[in-house]
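Protein chains get the first letters and strands the later ones, always in sequence-line order, with residue 1 at the start of each.
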Protein chains: 2
Amino acid sequence: MFAGPRELEVSEMSVPDPPWQQRAARKRSAKRPLDTDVIVRTALELTDREGLDAVSMRRVAQELGTGAASLYAYVRNKSELQELMLDLVIGEVPLPEPDPARWEEQLKQFARDQLRVFTAHPGMAQVVARTPAPTGPNALQVTETMLTLLRGAGLPDRIAAFAVDLLALYPNAIALERTADFALTDGERDERMSQVEDYFAALPAERFPNLLAILPVMMSDEGEERFEFGLELIMRGLRSWVE
Amino acid sequence: MFAGPRELEVSEMSVPDPPWQQRAARKRSAKRPLDTDVIVRTALELTDREGLDAVSMRRVAQELGTGAASLYAYVRNKSELQELMLDLVIGEVPLPEPDPARWEEQLKQFARDQLRVFTAHPGMAQVVARTPAPTGPNALQVTETMLTLLRGAGLPDRIAAFAVDLLALYPNAIALERTADFALTDGERDERMSQVEDYFAALPAERFPNLLAILPVMMSDEGEERFEFGLELIMRGLRSWVE
DNA sequence: ACCTGAACACCGTTCAAGT
DNA sequence: ACCTGAACACCGTTCAAGT
């Protein structure tokens with residue numbers, strides 16, 4: 001496995017090159033033989049800038065000054081590359097020091113951090129949705145910590161096992177929603193938004209009385225409150241199983 | 001808009017052609033000019049057989065005996081085609097006659113039906129995740145009915161607005177998970193499963209004590225109970241907001 | 001032993017040219 | 001007015017041929 005983001009590489013700890021050497025340094029790094037790590041990081045940087053859909057084997061190779069075929073020496077296929085990217089991303093979710101007394105707040109914060117991290121890497125939430133059970137080292141560490149909190153709270157093992165799934169599912173589903181329109185420009189987003197608003201407002205009141213009654217609430221811009229509502233609902237549900 | 005599945009077309013109500021006329025009938029139908037409806041239905045049939053990833057504009061056109069370019073007279077682009085497919089699928093979710101006394105059970109059944117329908121059309125859950133707010137006629141009807149149940153239960157409008165989102169999000173996220181490995185053969189699925197199991201079992205006990213303690217529960221095949229747990233959790237959470 | 005150009009079998013979308 | 005062949009600019013992946 002490649003090094004997760006919590007481990008610093010030697011190169012990251014050293015002093016930066018002075019400006020007059022940077023051109024040479026870049027050239028050297030371009031000529032340095034590939035390895036899995038640099039491929040995965042390059043793919044992730046491209047994701048951050050242009051979204052996962054723009055990350056093709058060809059684009060990543062181009063970014064590294066080589067051809068797509070060369071990547072296949074280090075990565076089985078595109079799907080494996082995405083799973084490696086995924087574990088790198090999961091590694092950015094901060095791990096709390098489990099404090100049984102604050103289990104609810106710590107689990108909520110976990111979910112908030114997960115949402116934040118996946119929103120910063122547009123499209124990576126799709127990879128989670130496609131990956132049955134993430135088994136990278138960072139994913140395992142996250143799961144272990146969540147289980148510590150859930151079992152420490154006094155939840156039965158069976159409930160804890162279900163809950164750990166649910167607590168990963170929810171922020172990921174929201175991240176999926178929030179990064180869905182990443183490819184759209186702000187103008188296109190606004191246009192779509194006002195079109196939807198007009199369309200809803202024009203619905204026949206006799207067929208959609210509840211929808212129209214609730215329209216102002218649905219259209220109000222409270223994405224964050226909506227997410228927090230879901231978290232609070234999950235916590236209230238979990239509390240009911242604490243023995 | 002094209003006709004939803006709840007409306008019968010004339011052709012569907014008529015008696016089937018006798019066998020000796022069917023070849024001619026098929027030929028005629030192959031020559032009949034395209035329309036949006038037949039394109040959407042063909043795309044959905046292809047999805048059911050081979051999964052959404054196999055549904056390209058070219059494949060759909062081929063199925064209809066024409067070229068991809070011809071589809072663009074009836075459908076703006078691939079994304080619009082998928083949104084039309086989505087509303088057709090949502091139309092398969094049965095609408096209950098709202099009974100305020102049974103709001104919890106009716107909402108649960110809604111979620112179960114949504115999961116079932118989206119599992120039957122592998123990949124369509126991805127389209128939901130990508131579509132900010134489905135606005136097709138069938139989607140609107142589903143939302144209206146859910147809101148009737150939620151408001152009828154005595155939930156405040158704000159909570160009802162949040163809850164209707166959550167109640168669509170959850171079965172969809174599970175459907176996404178369940179249809180993720182549609183492209184895999186049964187053999188590949190089993191192989192992956194047993195690999196994951198071996199991998200988990202080999203983890204160092206001192207670093208992952210909770211994960212290992214809970215492994216039997218996580219590996220037990222209770223996907224349905226897991227889904228029902230989430231439903232029950234949502235209901236317990238919602239109950240706490242009933243005024 | 002390692003790397004890669006070129007090829008294969010695909011994409012979504014556009015548009016000039018046909019009927 | 002309607003339809004579509006061919007083209008454009010892309011894909012993921014393989015493999016023979018090069019160094």
Short N-O contact, B:Glu177 and B:Arg226, less than 4.0 angstrom = no
Specify the separation, in whole Å, of atom OH of B:Tyr72 and atom C1' of D:dA1.
-> 21 Å
Check: protein-nucleotides 3-5 of chain C nitrogen or oxygen pairs below 3.5 Å:
residue : atom : partner : partner atom : Å
C:dC3   : OP2  : A:Tyr74 : OH           : 3.3
C:dT4   : OP2  : A:Thr66 : OG1          : 3.1
C:dT4   : OP2  : A:Ser70 : OG           : 2.6

Taking CD from A:Gln62 and P from D:dG12, how many angstroms apart are they, rounded to a whole number?
-> 12 Å
Which residues share a side chain to side chain contact (heavy atoms under 4.5 Å, CB included) with A:Met193, sequence neighbours left out | none
Integer-rounded Å distance: D:dG12 P and B:Asp53 CG | 13 Å
Taking Watson-Crick and G-U wobble pairs with both distances under 3.5 Å, convert DNA chain D into its dot-bracket string, 5' to 3', dots for unpaired and | for cross-strand pairs.
-> ||.|||||...|||||.||
Looking for any heavy atom pair under 4.0 Å, which part of the strands does B:Arg59 touch: base, sugar-phosphate only, or nothing?
-> sugar-phosphate
Which comes earlier along DNA chain D counting from the 5' end, the contact point of A:Ala54 or that of A:Arg76, where each point is its nearest nucleotide?
-> A:Ala54
A:Arg58, nearest nucleotide to its side chain (from C:dT13, D:dC11, C:dC11) = D:dC11
Whole angstrom is fine here: how far is it from CD in B:Glu50 over to C1' in C:dC10?
-> 14 Å
In chain order, what residues pass the side chain to side chain contact (heavy atoms under 4.5 Å, CB included) check against A:Arg178, with sequence neighbours excluded?
-> A:Leu115, A:Ile174, A:Glu224, A:Phe227
Take atom P in C:dA9 and the same atom in D:dC10, then report the distance between them in whole Å.
-> 22 Å
Shortest non-hydrogen contact from B:Val40 toward B:Leu84 = CG2-CB, 3.7 Å
Name all pairs fulfilling the ring pair (Phe, Tyr, Trp, His ring centres under 6.0 Å) condition that reach into residues 48-78 of chain A, sequence neighbours left out, sorted by first residue then second.
-> none
Rounded to the nearest Å, what distance is computed from the NZ atom of residue A:Lys78 to the C1' atom of nucleotide C:dC10?
-> 14 Å
How would you list, by chain and number, every residue that makes a side chain to side chain contact (heavy atoms under 4.5 Å, CB included) with B:Ser70, sequence neighbours excluded?
-> B:Leu34, B:Thr66
Below 3.5 Å, can you tabulate the donor-acceptor pairs from side chains in residues 53-61 of chain A to any protein atom, sequence neighbours excluded?
residue : atom : partner : partner atom : Å
A:Ser56 : OG   : A:Arg59 : N            : 3.0
A:Arg59 : NH1  : A:Glu50 : OE1          : 3.2
A:Arg59 : NH2  : A:Glu50 : OE2          : 3.1

Sequence neighbours left out, what pairs pass salt bridge (Lys or Arg N to Asp or Glu O under 4.0 Å) with at least one residue falling in residues 113-128 of chain B?
-> B:Asp113-B:Arg116
Would you list the atom pairs, donor with acceptor, under 3.5 Å between side chains in residues 125-137 of chain B and any protein atom, with sequence neighbours excluded?
residue  : atom : partner  : partner atom : Å
B:Arg130 : NH1  : B:Gln82  : OE1          : 2.9
B:Thr131 : OG1  : B:Val127 : O            : 2.7

